[in-house]
Amino acid sequence: MKKFLIPAVLIIMSTGGALASKTVSSSAKAVTQGYRIGNMNEDPCVPVEKSCETINTGTLCTYFDGTSTHNLQNISGSVCVGELYEIQP
């Protein structure tokens, strides 16, 4: 009986732990400031007054500057890299 009970308990505990860690990681939001790619006379990445998130919500984070719409990106050093997404409630 002990030979069966101990492995069964270990399997149940590991399955519960895996499901709990998956739930926590998928619900965490990583909110960050958005950057647009600069024009020739600007920095390579220009910060805008809009926050976005790094988790793919299906909708790209955009910013309208009065003239055109920009897809916002994350920043790495001084380079715009990676798409950002609209913050979902």
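Below, each value reflects all heavy atoms present in this structure, side chains not excepted, and no hydrogens, waters or symmetry copies.
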Give, for atom [atom1] of [X] and atom [atom2] of [Y], the distance between the pair rounded to the nearest 0.5 Å.
X: Thr32; Y: Leu72; atom1: OG1; atom2: CG; result: 10.5 Å
X: Leu60; Y: Leu84; atom1: CG; atom2: CG; result: 9.0 Å
X: Gln88; Y: Ile55; atom1: CD; atom2: CD1; result: 12.0 Å
X: Ile75; Y: Cys80; atom1: CD1; atom2: SG; result: 6.0 Å

Side chain proximity check, Ile87 to Ser51, heavy atoms < 4.5 angstrom:
yes
For a 4.5 angstrom cut-off between non-hydrogen side-chain atoms, does Arg36 reach Glu42?
yes
I need the minimum non-hydrogen distance between Val46 and Gly38, along with the two atoms involved.
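Answer, listing the atom of Val46 first, then Gly38: CG2-CA, 3.8 Å.
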Heavy-atom pair of closest approach, residues Pro44 and Ser78:
CB-O, 3.5 Å
Glu86/Thr62 under side-chain contact (heavy atoms from CB on, under 4.5 Å): CA gap, chis, key distance, verdict
CA-CA 8 Å; Glu86 293 291 341; Thr62 59; 4.0 Å; yes
Side chain to side chain donor-acceptor pair (under 3.5 Å) partners of Glu83, counting only residues at least two apart
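Residues passing side chain to side chain donor-acceptor pair (under 3.5 Å) with Glu83: Tyr85.
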Partners of Glu49 by salt bridge (Lys or Arg N to Asp or Glu O under 4.0 Å), sequence neighbours excluded?
none
Spell out, as yes or no, whether a donor-acceptor pair under 3.5 Å connects the side chain of Asp65 to the backbone of Thr67.
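Side chain of Asp65 to backbone of Thr67: a pair is present.
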